[in-house]
Structures are given as structure tokens and as C-alpha cells.
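The structure appears below as C-alpha cells.
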Amino acid sequence: MYHTKKIMDYNFIEIEKKWQKYWSENKTFRADNNSDKPKYYVLDMFPYPSGSGLHVGHPLGYIASDIYARYKRLKGFNVLHPMGYDAYGLPAEQYAIQTGQHPLITTEKNIARYREQLDKIGFSFDWEREVRTCDPFYYKWTQWTFLQLFNSWYNKDTDKAEPVEKLIEEFEKNGNIKVSAVVSETINFSAEEWKAKNEKEQQEILMNYRLAYLADTMVNWCSALGTVLANDEVSEGFSVRGGHPVVRKTMKQWSLRITAYAEKLLKGLDEIDWSDSIKEIQRNWIGKSVGAMIKFAIKGHDGLFMEIFTTRPDTIFGVTYMTFAPEHDYVNKITTADKLEAVQKYINETKNRSERERIADVKRISGEFTGAYAINPFTKEEIPIWVGDYVLAGYGTGAVMAVPGHDGRDWAFATHFGLPIKEVISGGDISKEAYEPKEGKCVNSGFINDMTPLEAIQAVIRKTEEMGIGYGKVNYRLRDAIFSRQRYWGEPFPIYYKDGIPYPMNESELPLELPEVDAFLPTETGEPPLARAKNWRTKEGYPIETNTMPGFAGSSAYYYRYMDSKNPNELVSKKSNAYWENVDLYIGGAEHATGHLLYARFWNKFLFDLGLVCKDEPFKKLINQGMIQGVSTFVQLTFRNQNCTYLLPMNFKCNNPQILLREFRVPVDYVSFENGKYILTKQNLEKFRNMISEYKQVTEFTYAVIPTTEQIKDWFKEWNMQEDIPNSLHEGFVELGTMVEKMSKSKYNVVTPDDLVEKYGADTLRLYEMFLGPLEQHKPWDTKGIEGVFRFIRKLWKLYHDFDNKLCLSEEAPTKKELKVLHKTIKKVQEDIERFSFNTAVSTFMICVNELTELKCNKRAILKELPIILSPYAPHIAEELWNLLGNSGSITHVNFPPYNEEFLSEDNCTYAVSFNGKMRFTIDLPVDMPSSEVEKNVLEHEVAQKWLEGKNPKKVIVVPKKIVNVVI
RNA sequence: GCCCGGGUGGCGGAAUUGGUAGACGCGUUGGUCUCAAAAACCAAUAAGAGUAAUCUUGUGCGGGUUCGAUUCCCGCCCCGGGUACCA
């Protein structure tokens, strides 16, 4: 009875329902586009609404961003804190293929579930600005941006994107002689030649320039998903989503010329406040290398040059062979008749090796001599030309000069085939391994002898430029982003075909809505699902593109749409953009490092070039929340007889080889925690057995029992086992083994926020998720720890209430002690929020409530401030207490109380006194006591006398208000 | 292999600029209340020695700088993430 009453004192169910209703009815969190207040934009990576809903790991980042958003409101900012859905995606479509249910229906159902879960946690989102990528009103602007990309090219002279119209004007005036652009391939032509070309030829040339272009591209083809994938969607030869095999294949695909922005994307990293690891991942992905292009003449082929890219022109005197990628055009031209057969055979072999095999066998060295020779431009030596698959066709020129003395791969290749190795940089031992550092002196190197490698690099580049055979060049590893997918559930391209040439639709025809199809599968002829749509043609009857856009299309500029989500005329109005600028704080998972976070920066820079937005980076500060891992629990199962299997603890070992023990996962819902151990009780086993069909566990589980001691004894006897019954066996329950791993449905370790909100309330959940540890760190979820936070929040409630749960406040003036507790809390909480240290802020609240409880403080003067500083973390109880204190309306927009240093200062402070660095005792002394006095007082202390043993200290260090170190 | 990040009690973690290592919470142990259990409250809780006061050791390992190092430097080990022949 008493217990029940006590629990009901803090009635979180009613309080939370009441305030969530209030916020929604009063539109408390609506952001204003016309405000005199300074702005602050806090954004979460919008979720893909999956069918399994949210688990406790998902809201972690949302809670952190919500705390920050609420804090900024208290600090007087006009805060934009929106939420939406990345609604296009493969799972809904795969589900549609299996069940025939339209992906829109699945998606809407999932969104509704997400919304319900999110609402329960009490987020301060401005839901009026919600976006969904699959909504035509939204994807109109995705399609519109695509058209801008299609109609733009990258001008290297102005270093920005410009309209294709202007390029055409230039072609008509001067051809492309004066144009410096980022292109697929360069064919020079004059104005006359341009004008002489027909429409089709002209369009083909323009396609080389467009930032969104259609071209034959080597793509990652995933036949299981029936679509191509971007590089970031493939990992080690398998699709990231689903884990299906991926092969390399040439196909005509839409691509985005992100490579034009490689340098800007790299430079921009220096100006944004992101974690070092993400910046580093992006730097590696962009992969800038500075070097030179150098042409080597090929013996016996006048006018044919082997052009290579190298970062080490200083080692050119050490070239002992050259290598072409097997796919290189020249291989067939230069291979001598006697080598032709072997080379052809080699090329065919490498072609048939899948990407997967190539990766698996990185260490296998293979190659073939072509019989041809290149001429070293400096030494005039004849150098054998090889073909080898360690040279990639897609990087640089697809050909390398090999310097085995100073490059590890070349060294391995040369050693394998017995090719010469020559030292041209001193400092290493090239008989053992390649010496790669750019340190030492050039040797055996003609005119660059005795130079340092760095000097030599410049000298060789200059010389090749004079000789007209080379120039300095920067290369990037980054590839253009393949932008088409052969799937249904994505944005249609606003492109139609006339005589096989793609043309953009008129902007007035946007949005081009996703058509209905009879099945979500490719056609019999292998065309994408949109080819099934009836009358998928323009008004004039031209066929419309049947590919759809990839997932990152809709997520690359959504943060702009939130600024002006209802605007039917523009992506974002100049005025709204000028006010909100860009995202101040962005929180999301690190898994988007090379995908979304790179594409969004690219789109943003493009929009900036066009003058559509005012900032060239989208996200000023980025925080990647760590993964919340699940604790999986295991039990061993062993066959007893036809109707019975025994459950045994994981630490049960058995030497009898006839007894087979099999490991099984026990779903987290059936696990109890007692005496510091995870266990499965008899009662829970019963429940679990009834639900067994929901889990893909073996049928033996149906007959599983926890053996009693008697049964074990019999069993041991039966099997002639001599062992004593291990003390890990118990009556009535079985101990479980544990493992921390990713939280996922298939691992049966998913904890959902809904259950916790129901049991403890949203405020407790919010506090606990933050309390778990630093936001950016991975950490295991441990449901039992939530009790501590729940105790804290009830203790807080009790500060304001008497035994009968009546508000009970004293109007007395607060003591110095009480004021100090309050103000040090305000100070620490503010500092912690500002450095995103949410876990320590929760500790601070706990300390504060512990101390006020200790002081039996129920004074209004103190307790009236507490709800404000707590409100970002636990908004519902904060609102309730705020109103109980006699305030009306929401706590959302009040002022964060400033702390007063005056209350923090003390007359005395505690010095920690150490001898030779070891702390021995503490002593309270006046704050303003001069160092010499402190020293005197310390040395006179009786404990000090003991440690000094009558000797004089060698040295005494006094750090004012902190420590004293006595050296003896 | 290369590039990042990280190793602190039984567990999650704290120590913000080199200044009392282990805050706060979980768990555990003992106690109060209760017929009993739960809840609540109180106390102890890094390890080792000691009745105790107290002492010794201690932040992955080895060394260094310093009056003083979880924090800075050098070398190594382990874990997590990224990347994979990028010339």
C-alpha cells in the first residue's frame, strides 16, 4: 500500500501527457522566420523510418540535440529544431516486391510509428516544418536541383559552377580553346567546328561538361538488388544494405561531377568544427596527391607516349620498368607479336576476376611483359613495359613508372619477376625493402644528384615542363558519384529523351510525380520498374527517364528546406536563408562520413556557387553520437531425451565428448537481473516457450527445462560422469553468459524506448541516456542502471513536496551554503552543456539534489531556479514544478539564470599538502593568505612535522588556492 | 599494411589549463523499518597489510621530462573505426 502511494507521488504519466499536450496545442516550439532574436539551428540527421521502429540507441542523438536546443532557447535564441523523414529507401521497396504492398503505404505506416515513439520522449521539434523526401511537394526541389546541376559546368578559371548557356555562347564565339573546365574528356574545337556540328554531336560534347551527366561508367552492379550502387554503398565487394555481392560493370548512368569540387571539399574541412576522425575519413576519401604527369616515348612507336602520373618525380632516375593497367588502350597497340598471346591471356584472366576476388588476393602478384620498351627521357635508357593488375585503370592515367627502389608495390613486383632495383635516394637498404621516405639525398640521378627529394621533385617538374613532356599535377582519389538507381522507390529524373538524347524538362513541369506501376520489378527486358508505368512520356510523347535517384538525392539539401518548408516557389527564400544561414549544430551517426556528409557539402557548395544560398558549408559543428550497444545473453542447451532438453549456464563445461552443448541467445525481454547476474527464471522460460514461434530458435527449446539438482544427479549417473555438480547450477533459474554487440533484431537484444517511458517516464529516459557516458562514445545499454536516475528524479520531486505530496515551500531567506549549492550547480551545468558534456551535467544535478536534501532545503528562493536549468534535460517535470511554483505558461522561453560568483567564493579554501608529490593531508586556510604564510602554516602542521622528521625541506611549491608540495 | 580514436574499480564513467585519481550512478555487503518481501533510508565499497591510526601499490606495458603526470614526450602491447594495390 505504502509503496504504491509513494510511487504515485511523482506521477510522471499524467505530468508528461499534460505537458506534451500543452506544447502541441500552444505550438511552443514553433520557430519564427521573422525574429529580432539571434538564430540558432540545431539539426538531427533525419531518420529512415524502418519497420522495426526505434530502439534506445536511436534517440540518443535526438535527446542531446534537444537538450541543446532547449538550452539555447533559455539563452535567448530563436531556435530552429526540425525533424523529418528520409523516406525513400530500399527496405520499403524490397518489402513491396515481396508483398505487393505499395512502398508509400509501408513508409507512411512506419512514419506514424516513428512519430508516436518520438512524441513520447518529449522532443521540442517544430513539427510544422516536417519534410518527407518522398513527398512531391518536397522532391520537386530535389528534381529542381538536379536540373540546375544538369545545366551547369565547372569553370576552373573562376573556380565555380556556371550556367551551360554561357558555355554555349563561348563555344559559338571561340570554340573551347579558352575554356578551362572540369570535364570527362577534352576534344578541342574552334567556333567554326562547333557550329558545324549537329544537335546530337553538340549535346554529346556538352555532356562532358555538365555537373549532372549521363555517361558510360564503370559501376558497382548488385544483381540481387537489381541496381547500381555508389562507392560508399559498397563495402569489401558487398552491398552495405543487405550484404549482396557487387560486381564491376560498364553501364550508361547518371553521375554527379563531385570531383570538380574535390579541392573545395578538402579545403572546407579546415573551417568546420567536426571531429578529427570524420575529417580524416573525408580527406582520405578525397585522396589528394600532388605530383607530375610525365610522358615517356615508346620505342618504335613514333608519336605514341606512355603518360604516367607520379608523386615522386625525384625518383625518375630509378625507373627500371613501366606498367600499364590491363584495361589500358595502349596495351594492344604496343605488345609485340611474340608476347601477344600471353598478354591477351593475362588480360582475360584479370577481367574475369571479380572485385571480390581481387580484394581477397591483394597480395598475389601478377603481370606480363609486353615486349615493348619506353625511353627514360633523362637517361635515354630503354625500360621494359609490363602490364599488371596492381595498376588501376581508373586512377591517374592507368599507367605508372615503376621505381622498385622507392615504392613498396614496385619492389614486390620487381622482386617477384626478377626486375632490377636501383637506389636513387640514399638512406635505406633497398636490398631488404623499398625506401619510401622523402628524406635523404638523390644519388645516381644525373642533374638532381645531392638534392633533397623535395628539391628534386620541383627540379624534375621544371625540367619536364621545359622539355615539353610533363607538368605538375594534382590528382584525387575521389570519383564522380553515380546518381541513378534501377529502382522504383526514388525520385524520378525530370529528363526525357529525343532521338536518344537526354533533355531537361521545363521547371514548370515539376514535380514530376512518381508513377504507379503494376509490379515493383524490372521489366522482362531488364529495364527499371518505371518502364512499366503506363504512358511514361511527356505531353509531346517523348519517353521519360526510367532510372530513379539514389538515397542521397533527397538528403543532400533537406536542411535548407526546413528553413522555408512551405515555400512553393523556391527551395529556400533569400530572406529565410539570410536569417537561418546554415546549421549551427548537426548531430548524427558517423556511418555517413563518406556518403551523406560529403554529398551534402558538395550540393551546398554548388548551391552557393549559383548564389542560391549564403554559406558554402552546410554544417558548422558536427557531433557523431556513439552507438548504444546491446547486451546479448546466452545459454547452453543440451539434449536429454526426446521430450526434454536441459538449459545450462555458459560456464558449464563438460568433458564427456558424447554430450553436445549448443549455444542459444535468450531474448532480452525474458532476462532478469539478480545478485549481479543475468538469469533466466523458470517463469520467464515458460513465457518464452509460449512465444517461441516469434524467434527463429530451434524447436528443442520447446522442450527446454532448467534441471533440478536431482535431475542433474540422475543425468550425471546415466552418462557415467564423475564430476561434482558445479556450483554455477541453481534451482529454478539458469545463469546466462553475456556479450556486448550491436543492438539488432536478429540478435534479440533490442531494448525499445517505449517500454522504458511507460515504466519510468520520458524525463528519466532522457536523463539516463545522457548519463550513460560521453555522447560520442560507444557504450553498452544497461537497463538496470536507469533505477538510479529514477531515484534522483523522485528525490527532486520530494524536495518540493511534503510527506502527503503537498507542495511545501519555505519563504525563508536562503543560507550561504544553500546559495552556494545552487550557484555552483548553475555554473557547472552551463559549462557542461556548452562543451556537450551531458553526462557530467546529469551528475551535477544529482549532486545538487543530494546536497539540498542533506540541507533539508525547501526554500522557494533556491528551488525556483532549479526547474529552469533542469528543463532542457527533463522538460516535463521542469514544466510541472515551474507551474507549481506559481508561474503560468511554459518554462521554454524564460531566462537561464545567471550564476553569481559572489556566492561561490569562500573565505577558506582547502590545500592538499603533498610531500615529494604524494598527498598526505589537507589543511583549510584563508583564500587571501599569501604564499609565504601558507608555507609557514603548512610546515607547522603536526602531520608535516612527522614527514619532515626534523629536516628542512629542500623546496616548497605553493600553488595558490590549490596545492602545496614539499620536497624533502 | 596505412590513417584516425581509445585503454582508469566488479560495471557505465569523472578528474575542463600538468596540481587531492576513482565524482555521480549501477552492482555488492551490512544495517534501520517490516510478520515477511518490496520500496525507502543509513553505512561501507580500488587492491594489499593492519584491531586501528595508518602505510604500501595503483589510471594497458616499459622508459623519459617535471617539485608534481590519467594528462606532456619516446618506444611497445591490446581494443574499436576508416581504408585497401590510389602510383
Side-chain angles (χ1 to χ4, degrees), chain A residues 2-7 235-236 275-285 287-289 291 308-312 315 323 358-359 361-365 388-392 394-403 407-410 412-413 475-479 590-591 593-594 624 626-627 673 675-677 768 771-774 776-789 791-792 794-795 798 828 831-832 834-835 837 839-840 842-847 850 910-922 953-957 959 961-968:
Chain A
Y2 183 67
H3 165 58
T4 322
K5 177 168 177 275
K6 240 15 206 176
I7 286 288
S235 172
E236 303 199 349
S275 73
D276 290 337
S277 77
I278 295 279
K279 286 194 196 183
E280 215 40 48
I281 290 169
Q282 291 210 345
R283 282 192 193 104
N284 291 340
W285 192 261
K288 179 178 183 174
S289 28
I308 56 96
F309 173 73
T310 177
T311 56
R312 295 299 298 274
T315 61
T323 315
R358 269 176 84 148
I359 287 163
D361 267 354
V362 157
K363 292 284 170 289
R364 199 179 89 184
I365 295 165
D389 71 352
Y390 82 98
V391 178
L392 302 176
Y395 184 77
T397 59
V400 300
M401 66 177 209
V403 186
D407 180 283
R409 293 153 306 184
D410 296 344
F413 192 88
N475 245 324
Y476 299 92
R477 203 186 75 114
L478 184 71
R479 301 295 145 82
E591 66 274 19
T594 51
N624 299 112
M627 191 173 57
F673 186 80
N675 297 321
K677 299 207 164 60
Y768 185 56
F771 186 63
L772 232 37
E776 301 193 51
Q777 224 166 77
H778 293 334
K779 56 233 158 193
W781 178 264
D782 176 14
T783 295
K784 66 188 187 292
I786 201 170
E787 296 279 352
V789 174
R791 261 174 227 141
F792 152 75
R794 274 147 60 203
K795 210 164 162 182
K798 278 191 227 159
K828 176 96 168 94
E831 283 169 0
D832 284 350
E834 277 174 7
R835 65 192 177 104
S837 177
N839 55 326
T840 52
V842 178
S843 302
T844 306
F845 287 126
M846 289 175 170
I847 294 167
N850 287 348
T910 306
Y911 280 89
V913 181
S914 49
F915 288 77
N916 289 342
K918 277 203 168 62
M919 213 284 287
R920 295 303 175 183
F921 65 94
T922 57
K954 279 192 198 142
K955 201 172 174 185
V956 179
I957 289 139
V959 181
K961 290 184 241 176
K962 284 211 171 117
I963 59 117
V964 177
N965 191 17
V966 183
V967 186
I968 45 176

Looking across every strand, which nucleic acid part, if any, lies under 4.0 Å from [X] by heavy atom: base, sugar-phosphate, or nothing?
| X | result |
| --- | --- |
| A:R479 | base |
| A:K828 | base |
| A:V967 | sugar-phosphate |

Distance-minimising heavy-atom pair for [X] and [Y]:
| X | Y | answer |
| --- | --- | --- |
| A:T397 | A:F309 | OG1-N, 3.8 Å |
| A:I281 | A:A593 | CG2-CB, 3.8 Å |
| A:M401 | A:D410 | O-OD2, 3.9 Å |

Per [X] side chain, nearest of listed nucleotides [options]:
| X | options | answer |
| --- | --- | --- |
| A:R477 | B:rA84, B:rC26, B:rG12 | B:rA84 |
| A:K779 | B:rG13, B:rC3, B:rG27 | B:rG13 |
| A:N965 | B:rU16, B:rC55, B:rG19 | B:rG19 |
| A:D832 | B:rU16, B:rU20, B:rA87 | B:rU16 |
| A:W285 | B:rC3, B:rU83, B:rA87 | B:rU83 |
| A:L392 | B:rA87, B:rG19, B:rC55 | B:rA87 |
| A:Y390 | B:rC85, B:rG27, B:rU83 | B:rC85 |
| A:I957 | B:rC41, B:rU83, B:rG19 | B:rG19 |
| A:K955 | B:rC67, B:rA84, B:rU16 | B:rC67 |

Practice prompt. Enumerate, in order of first residue number, the stems that involve RNA chain B, defined as 3 or more consecutive Watson-Crick or G-U wobble pairs with both distances under 3.5 Å.
Written response: B:1-7 with B:77-83, B:10-12 with B:24-26, B:27-32 with B:40-45, B:46-49 with B:54-57, B:60-64 with B:72-76
Worksheet entry | No-hydrogen, no-angle side-chain donor-acceptor test under 3.5 Å, A:D832 and A:T840 | yes
Worksheet entry | Residues A:K795 and A:N850: side-chain donor-acceptor under 3.5 angstrom | yes
Take the protein atom [atom1] of [X] and the nucleotide atom [atom2] of [N], then report the distance between them rounded to whole Å.
| X | N | atom1 | atom2 | result |
| --- | --- | --- | --- | --- |
| A:N916 | B:rA69 | CG | P | 11 Å |
| A:Y476 | B:rA87 | OH | P | 13 Å |
| A:F792 | B:rA39 | CZ | P | 20 Å |
| A:N284 | B:rG5 | CG | C1' | 13 Å |
| A:E591 | B:rU83 | CD | P | 12 Å |
| A:N624 | B:rC4 | CG | P | 17 Å |
| A:I963 | B:rA69 | CD1 | P | 11 Å |
| A:I786 | B:rG27 | CD1 | P | 12 Å |

Worksheet entry | First of A:A912 and A:I281 reached from the 5' end of RNA chain B, by closest nucleotide | A:A912
Item to complete: Using heavy atoms to find the nearest nucleotide of RNA chain B for A:D276 and A:K962 separately, return the residue whose nucleotide is more 5′.
Response: A:D276
Discussion item. Tell me if B:rG9 is syn or anti. Syn = glycosidic torsion within 90° of 0, anti otherwise.
Written reply: syn
Tabulate atom names and distances for all N/O pairs under 3.5 angstrom spanning the protein and nucleotides 21-25 of chain B.
| from | atom 1 | to | atom 2 | distance (Å) |
| --- | --- | --- | --- | --- |
| B:rA23 | N1 | A:S843 | OG | 3.4 |
| B:rG25 | OP1 | A:N850 | ND2 | 3.1 |

Main-chain N/O of [Y] paired to [X] side chain as donor or acceptor, under 3.5 Å:
| X | Y | result |
| --- | --- | --- |
| A:N624 | A:E776 | no |
| A:N965 | A:G917 | yes |
| A:K779 | A:P774 | yes |

Discussion item. Does B:rG82 have its OP1 or OP2 closer than 4.0 Å to a side-chain nitrogen or oxygen of A:R283?
Written reply: no
Separation between the [atom1] atoms of [N] and [M], rounded to whole Å:
| N | M | atom1 | answer |
| --- | --- | --- | --- |
| B:rA15 | B:rG22 | P | 13 Å |
| B:rG58 | B:rG13 | P | 25 Å |
| B:rC35 | B:rU51 | P | 40 Å |
| B:rC61 | B:rG10 | P | 14 Å |

Discussion item. Parallel, tilted or perpendicular, judged at 30° and 60°: which one describes the rings of A:Y768 and A:W781?
Written reply: perpendicular
Practice prompt. Give the intermediate values and the outcome of side-chain contact (heavy atoms from CB on, under 4.5 Å) for residues A:V964 and A:V956.
Written response: CA-CA 7 Å; A:V964 177; A:V956 179; 3.9 Å; yes
Worksheet item: With the threshold set at 4.0 Å, does a side-chain nitrogen-carboxylate oxygen contact exist between A:K828 and A:E831?
Response: no
